Amino acid sequence: MEIIVCIKPVLDPDLPPAKFTVDGKKNEVIPPEGVPFVMSPYDALAVEAALRIKEAQGGKITVLTQGTKYAEEIMRKALAMGADEGVILSDPAFEDSDGFGTAHVLAQTVKKIGKFDLILCGRQAADWDAGVVGSLIAEYLNIPVVIRAKSIEVLDGVLKIERISTNGSEVFELGLPALVTLSSEMGQVRIPSGWGIISAAKKQVPKWGATDIGTDPSQTGAAAAVNRLVKLYVPVYERKCEMVTGKDPAEAAARLTEKILAIKP
Amino acid sequence: MEKFDAIVVGAGPAGCAAAYTMAKAGLTVLVLERGKYTGAKNMWGGAFFGPVMGEIFPEFRKEAPVERFINRHIISFMTKEDCLSIDFKSYHGDEGSSPGFIMLRAKFDRWMSTKVEQAGAILATGLEVTDFIFDGSRVAGVKVGTEEFPGNVVILTDGANSLLAKKAGLRDDYKAPDLKQGVKEIIKLPREVIEDRFGVSGSEGVVMEFVGACTKGLPGGGFIYTNQESLSVGVVVQLSALLENNVKASDLIEDFKEHPSVRPLIRNGETVEYSAHLIPVSGVAMMPRLYSGGILVAGDAAAMVLGTGLILEGANLAMAAGIAAGNTVIGAKALNDFSALALSQYESLLKESFVMKDLQTFRRAPHFLENPRIYNDYPEWTCAMMRGIFNSTGKARRNILEVVKESMKGKIGLMQLVGDTLKARKAI
Amino acid sequence: MTTKNILVFGEVEKGRLAPITKELLGGARRLSDQVGAGVNLLVAGALSGESLQDAAEFGTDIIYHATDPGYGEFSSDAYSFLAVELCKKIDPVLCLMGQTDLGRDIAPRIAARLGAGLCMDCVEVRFDPAQNIFVQTRPAFGGKALAEFSSPAGKLQVNTIRAKSMEPAATQAGRKSELMEIKEGPDPSAIKTKLVSVKVLETDGIKLEEAKIIVAGGGGLGSAEGFTIIKELADALGGVIGATRVPVDENWVPLSIEIGQTGKIVSPDLYIAIGISGAAQHITGMVSSKKIVAINKDPDANIFKISDLGLVADYKTVVPVLIEKIKESAR
Ligand SMILES: Cc1cc2nc3c(=O)[nH]c(=O)nc-3n(C[C@H](O)[C@H](O)[C@H](O)COP(=O)(O)OP(=O)(O)OC[C@H]3O[C@@H](n4cnc5c(N)ncnc54)[C@H](O)[C@@H]3O)c2cc1C
Ligand SMILES: Cc1cc2nc3c(=O)[nH]c(=O)nc-3n(C[C@H](O)[C@H](O)[C@H](O)COP(=O)(O)OP(=O)(O)OC[C@H]3O[C@@H](n4cnc5c(N)ncnc54)[C@H](O)[C@@H]3O)c2cc1C
Ligand SMILES: Nc1ncnc2c1ncn2[C@@H]1O[C@H](COP(=O)(O)O)[C@@H](O)[C@H]1O
């Protein structure tokens with residue numbers, strides 16, 4: 001199995017709201033100083049899924065990331081988890097691409113790599129939470145796609161994917177090559193071992209640019225974005241909270257009950 | 001399994017300086033850091049003194065994330081309601097030659113660790129060293145949980161209260177006054193506001209130190225340093241005094257921020273970070289053995305902190321010691337001898353450097369600084385004296401000597417004052 | 001088709017129009033009045049007469065009903081094909097879907113095929129008549145931020161809409177709409193994935209999204225038993241239970257009751273948050289609740305910032321009292 005995994009560096013989604021600030025003039029998030037970006041947690045699930053498939057039946061895992069800032073860090077993390085190779089897609093022409101642009105870059109890279117059976121992505125990047133790039137890559141490569149998988153099984157060249165739906169669960173079958181995006185129901189992601197980190201640090205990670213993968217300049221970068229960000233702001237949801245107290249918890253609870261009964265529909 | 005020439009435990013200033021020195025010389029170096037990323041768990045006040053940074057990273061003035069260069073020191077004695085300050089401004093030289101500058105750990109650690117990686121060392125974060133591999137009595141590597149990492153030499157730079165130094169048999173338990181607790185907030189303010197309030201412009205910066213009411217009279221002090229667009233505001237207090245008096249350091253910092261001479265400086269600022277950290281303060285008195293077979297200790301792990309009372313210097317000593325440790329290992333590697341004897345070179349190098357010289361010079365300071373009069377009586381007295389001098393009551397003024405005597409009455413004995421002054425001369 | 005139109009991709013639940021579809025029709029109706037367009041509804045699969053009537057009364061002008069058995073059950077491939085074919089025929093200016101299993105799946109795919117603009121998980125879609133464009137607002141960064149996007153003029157927009165963010169239109173009894181049947185099935189070559197089994201988890205009683213009262217528990221409950229306590233509270237109040245991600249990850253409760261960015265979006269009249277810290281990813285799914293009550297032992301917990309009533313306490317000491325008092329009052 002030749003598996004390709006797409007990962008993205010994102011501002012740590014677990015950062016407390018106090019550390020999240022937006023530059024209202026530039027419509028950008030201001031990352032807190034010295035705090036590096038992390039691999040989007042759903043993408044880590046995709047790496048994990050790839051490793052599980054490889055452990056079950058052998059194969060090779062190639063990791064792709066398009067980005068400049070912290071691309072190297074998250075790539076090393078994926079390699080430390082056990083991925084075999086990585087390519088960083090970095091070119092000024094790629095910067096500030098929207099989902100279509102990013103998918104174009106990644107699809108072109110997959111074409112250049114040529115041989116692949118399975119592409120894995122996260123269900124959504126934990127920055128913009130769009131959840132489109134996986135499906136778009138599949139469209140550009142004209143291969144089947146299942147999104148938000150809980151588990152992946154490969155049997156005689158057929159993928160069996162279970163996913164959790166709003167009302168229960170569904171199982172799909174599809175042929176290879178295919179693209180699957182992973183959701184948090186997949187389970188725990190392994191922590192790289194020390195020796196994993198050491199061997200990852202020694203690997204060469206090539207950087208490919210627009211000319212290496214033959215992207216169409218009219219399809220990447222900020223200028224190619226279809227829908228444009230015009231405003232980014234931190235919403236204020238604050239309500240005035242009336243704190244209920246009492247001489248002991250029981251009394252406070254009794255008071256709270258009265259107030260709840262008063263507003264209960 | 002691959003064996004490294006050196007394994008460095010902890011990627012603070014000491015560890016990075018050691019790793020960088022060795023990696024540049026072509027040694028295979030592994031740095032293990034427990035933080036999720038470098039700097040994740042670290043803090044300091046942020047004033048760096050001396051030329052050591054420039055010696056190891058000649059390019060640092062262009063590259064390093066320096067917030068501001070120090071050209072103004074303010075030392076203040078405070079009581080609950082008063083504050084007497086000595087304000088020293090220096091316009092010698094320019095920012096390029098200033099011997100002191102202010103940095104934030106988060107940015108500084110990251111910059112330094114990138115340098116270390118570029119020099120060829122392997123930096124692995126998220127790994128906490130828990131034990132050593134021993135070869136007889138000689139240290140032969142480290143363990144992270146069940147994983148083992150063999151190395152010819154381990155350099156311990158794991159910071160204050162190093163449990164590993166104890167595990168390696170290099171030190172005993174510390175005594176109660178050996179550790180201070182530092183707590184610090186980073187308070188965001190616009191650049192222009194900082195420059196207005198602190199009377200600086202461009203890349204100029206101010207270091208303010210406070211003694212007295214800011215620690216409720218407990219041994220310690222308060223500080224405010226100017227960053228580019230934030231202030232580092234903190235208090236440092238003897239840990240044992242906190243415990244004995246049942247005081248929380250976090251409450252002290254709140255009181256400090258409320259002091260009438262501090263409040264206006266931080267007004268409208270937004271606290272974006274709060275952190276706490278230990279500091280070893282007893283200097284040579286608490287120093288562990290600095291080397292043994294296959295192991296060296298440097299930085300806070302070896303209590304290389306200079307506390308003269310007003311300023312705290314640790315990062316510069318840590319780096320200088322890291323360099324000395326690195327050079328020792330380079331020498332040992334050339335002879336392929338990592339025995340205690342070969343590594344004793346480390347102590348010789350340190351003795352020649354300012355690290356041990358300064359620590360020796362100020363060896364009495366820690367004990368002197370335990371004197372409670374410094375934090376209670378003297379600030380009270382000096383402030384009372386100033387009040388007396390400036391107090392215009394409408395009556396005829398008394399001469400200054402009378403005011404001084406009056407302000408001392410019932411508070412400080414003349415003999416005590418003379419004794420403390422003499423001790424101070426020896427200690428600091 | 002020459003007149004402008006907005007296309008809503010509808011969803012059917014047990015033969016009736018799903019609540020999200022009614023919300024989308026409400027939003028589409030308001031936009032269409034500004035844009036000067038008609039509202040078209042596309043539905044696939046079995047549909048009752050009542051739901052056709054519903055569709056008309058909630059504001060649909062033309063209903064396209066795909067009746068081929070190939071559309072009998074959800075298929076990303078088939079539904080993408082269907083939507084693309086219809087869009088080519090009726091050339092809508094805007095295509096709205098719910099941010100649901102269906103919308104997440106097919107919105108990017110049809111946008112790619114039609115070269116359309118795309119915006120997912122919108123909480124608002126506005127029409128800007130001056131520029132003749134649509135403007136979308138959507139949460140980002142796990143709900144910590146809101147982002148506004150402008151779309152290019154003259155290009156189809158495919159937007160998915162978050163539940164509870166558009167109001168259903170007031171029904172107009174007896175309103176009629178035109179019914180167009182799509183008889184052709186999907187092109188077999190378009191079908192690449194096969195749905196081999198579906199498991200439906202029947203929820204007893206009220207659905208979380210439709211509940212008027214929700215008692216939600218978080219990591220602070222500490223165990224599955226904690227949820228039996230708050231279930232009792234929910235029962236006493238006539239509500240249902242919900243959860244944050246932590247109890248779901250710990251397997252104390254099923255995923256189907258997770259609330260938040262990756263779970264359900266709810267806005268009940270009363271939301272009681274117990275042992276919940278108030279992370280952005282959770283808040284984004286419940287912040288529009290009418291009244292929010294929080295019980296947390298940490299006085300600085302973020303949840304209090306968005307609550308109307310707060311109690312700082314260990315839930316174990318107060319929730320039993322709440323249950324007892326509420327039962328008392330019911331007697
Ligand atoms: C409040 C405060 C203010 C200060 N102000 C100043 C000042 O203004 N100027 C100044 O020069 N000094 C100051 N200092 C002192 C200075 O911070 C220290 O002396 C300096 O950081 C020491 O460097 P180090 O590398 O020895 O240790 P540290 O900087 O503490 O680094 C130790 C590293 O080791 C890691 N580590 C610990 N244990 C393990 C383990 N088991 N495995 C792996 N990694 C581990 C830690 O995560 C850390 O990264 C201040 C200190 C405090 C607390
Ligand atoms: C990409 C991404 C997507 C996510 N999506 C979602 C989502 O859709 N929904 C979601 O909920 N989360 C989501 N999360 C997780 C989210 O970030 C938080 O981790 C989660 O919401 C925290 O849940 P909690 O508040 O229940 O738990 P904790 O953060 O563990 O908080 C527990 C709270 O309980 C209090 N407490 C503890 N004991 C008691 C007691 N005895 N009595 C009273 N109070 C007590 C504590 O003070 C604390 O405030 C997502 C995270 C990521 C990164
Ligand atoms: N810049 C990128 N580099 C590599 N993969 C990406 C990038 N952006 C998105 N992806 C992949 O596409 C998935 C969905 O992203 P999004 O559509 O942006 O939410 C992510 O989880 C990644 O697997």
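Within every chain, numbering begins at 1; the chains are lettered A, B, ... in the order of the sequence lines, protein sequences first and strands thereafter. Predicted model only: the values in this text are computed from it and were never measured.
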*asked:* Below 4.5 Å, heavy-atom pairs only: which of A:Glu173, A:Lys264, A:Glu185 has the largest tally toward chain C?
replied: A:Glu173

*Please report the closest heavy-atom contact between C:Ala280 and C:Gly143, naming both atoms and the distance.*
CB-C, 4.3 Å

*asked:* Under 4.5 Å from any heavy atom of chain A, what part of C:Glu13 do you find: side chain, backbone, both or neither?
replied: neither

*Would you name the heavy atoms of C:Ser288 and C:Ser267 that are closest together and state the gap between them?*
OG-CB, 3.2 Å

*Taking all non-hydrogen atoms of both residues, which atom of C:Ile133 and which atom of C:Ser150 are closest, and how far apart?*
CD1-CB, 3.8 Å

*Part of C:Leu195 within contact of chain A (heavy atom distance under 4.5 Å)*: both

_Portion of C:Thr262 that has a non-hydrogen atom of chain A nearer than 4.5 angstrom_ = both

*Which residues satisfy the side chain to side chain contact (heavy atoms under 4.5 Å, CB included) test with A:Lys19, sequence neighbours excluded?*
A:Leu15, A:Pro16, A:Pro32, B:Glu273

*chain C heavy atoms under 4.5 Å from A:Phe100: which part of the residue, side chain, backbone, both or neither?*
side chain

*What option among A:Pro13, A:Ala103, A:Ala126 has the most heavy-atom pairs under 4.5 Å with chain C?*
A:Pro13

*Below 4.5 Å from any heavy atom of chain A, which atoms of C:Lys264 appear? Answer side chain, backbone, both or neither.*
side chain

*Would you mind checking which part of C:Ala112 comes under 4.5 Å of any heavy atom in chain A, side chain (CB onward), backbone (N, CA, C, O), both or neither?*
both

*Relative to each other, are the rings of A:Tyr140 and A:His104 parallel, tilted or perpendicular (30° and 60° limits)?*
perpendicular

_Run C:Val319 and C:Ile323 through side-chain contact (heavy atoms from CB on, under 4.5 Å) and show every step you take._
CA-CA 6 Å; C:Val319 173; C:Ile323 296 169; 3.9 Å; yes

*In terms of heavy-atom contacts, does NZ of C:Lys212 have more than 12 from other residues, nucleotides or ligands at under 6.0 Å?*
no

*Relative to chain C, which segment of A:Gln124 carries a heavy atom at a distance below 4.5 Å: side chain, backbone, both, or neither?*
side chain

*asked:* Report which part of C:Ile295 has an atom under 4.5 Å of a heavy atom belonging to chain A: side chain, backbone, both, or neither.
replied: side chain

*Pick from A:Val226, A:Val236, A:Leu174: which one has the most heavy-atom pairs with chain C under 4.5 Å?*
A:Val226

*What heavy-atom pair brings C:Val123 and C:Pro139 nearest, and what distance separates the two atoms?*
CG1-CD, 4.0 Å

*Residue, of A:Glu238, A:Arg228, A:Glu170, A:Gln188, that accumulates the most heavy atom pairs under 4.5 Å with chain C*: A:Arg228

_C:Asn302 portion near chain A, given a 4.5 angstrom heavy-atom threshold_ = side chain

*Interchain contact, A:Tyr233 with chain C, by part (heavy-atom threshold 4.5 Å)*: both

_Is C:Glu209 in contact with chain A via its backbone, its side chain, both, or neither, using a 4.5 Å heavy-atom distance?_
side chain

*Name all pairs fulfilling the salt bridge (Lys or Arg N to Asp or Glu O under 4.0 Å) condition that reach into residues 97-113 of chain C, sequence neighbours left out, sorted by first residue then second.*
A:Glu139-C:Arg109, A:Glu139-C:Arg113, A:Arg148-C:Asp101, A:Arg163-C:Asp105, C:Asp77-C:Arg109

*If you measure from CD1 on C:Ile306 to OH on C:Tyr271, what distance do you get to the nearest 0.5 Å?*
8.5 Å

*Below 4.5 Å from any heavy atom of chain C, which atoms of A:Val230 appear? Answer side chain, backbone, both or neither.*
both

*With a 4.5 angstrom heavy-atom cut-off, could you sort out which part of C:Gln99 is near chain A: side chain, backbone, both or neither?*
neither

*Option among C:Arg162, C:Gln261, C:Gln136 that satisfies the side chain to side chain donor-acceptor pair (under 3.5 Å) test with C:Asp121*: C:Arg162

*Can you check whether anything in residues 250-260 of chain A gets within less than 4.5 Å of chain C, heavy-atom wise, and list it by number?*
A:Ala250, A:Ala252, A:Ala253, A:Ala254, A:Leu256, A:Thr257, A:Lys259, A:Ile260

*asked:* Need one label for C:Ala116: side chain, backbone, both or neither, based on atoms under 4.5 Å from any heavy atom in chain A.
replied: backbone

*For A:Asn142, is it the side chain, the backbone, both or neither that has a heavy atom under 4.5 Å from a heavy atom of chain C?*
both

*Which answer fits C:Ile272, side chain, backbone, both or neither, if we ask what part of it has an atom under 4.5 Å from a heavy atom of chain A?*
side chain

*So which heavy atom on C:Gly310 is nearest to which on A:Cys241, and how close?*
N-SG, 3.5 Å

_Under 4.5 Å from a heavy atom of chain C, the part of A:Ser184 involved_ = side chain

_When you compare the side chain of A:Pro9 with that of A:Lys69, does any pair of heavy atoms fall below 4.5 Å?_
no

*Value rounded to 0.5 Å, distance of CZ in A:Phe172 from OG1 in C:Thr193*: 6.0 Å

*Interchain contact, C:Leu311 with chain A, by part (heavy-atom threshold 4.5 Å)*: both

*Could you check whether the rings of C:Tyr79 and C:Phe74 sit parallel, tilted or perpendicular, using 30° and 60° as the cut-offs?*
perpendicular

_Heavy-atom pairs under 4.5 Å with chain A: which of C:Ser256, C:Ala147, C:Gly115 has the most?_
C:Ala147

*Using non-hydrogen atoms and a 4.5 Å limit, figure out which bit of A:Val29 sits close to chain C: side chain, backbone, both or neither.*
side chain

*Which atoms of C:Ser76 approach chain A - backbone, side chain, both or neither, heavy atom under 4.5 Å*: neither

_To check you understand the geometry: which heavy-atom pair defines the closest contact between C:Lys327 and C:Ala236, and what is its length?_
CG-CB, 4.2 Å

*Tell me the salt bridge (Lys or Arg N to Asp or Glu O under 4.0 Å) pairs involving residues 295-308 of chain C, sequence neighbours left out?*
A:Arg239-C:Asp308

*Using non-hydrogen atoms only, which part of C:Ile106 is less than 4.5 Å away from chain A: side chain, backbone, both, or neither?*
neither

_Heavy-atom pairs under 4.5 Å with chain C - which of A:Ala125, A:Gly168, A:Ser169 has more of them than the others?_
A:Ser169

*Heavy-atom pairs under 4.5 Å with chain C are the metric here; pick the option from A:Ala18, A:Pro144, A:Gly187 that has the most.*
A:Pro144

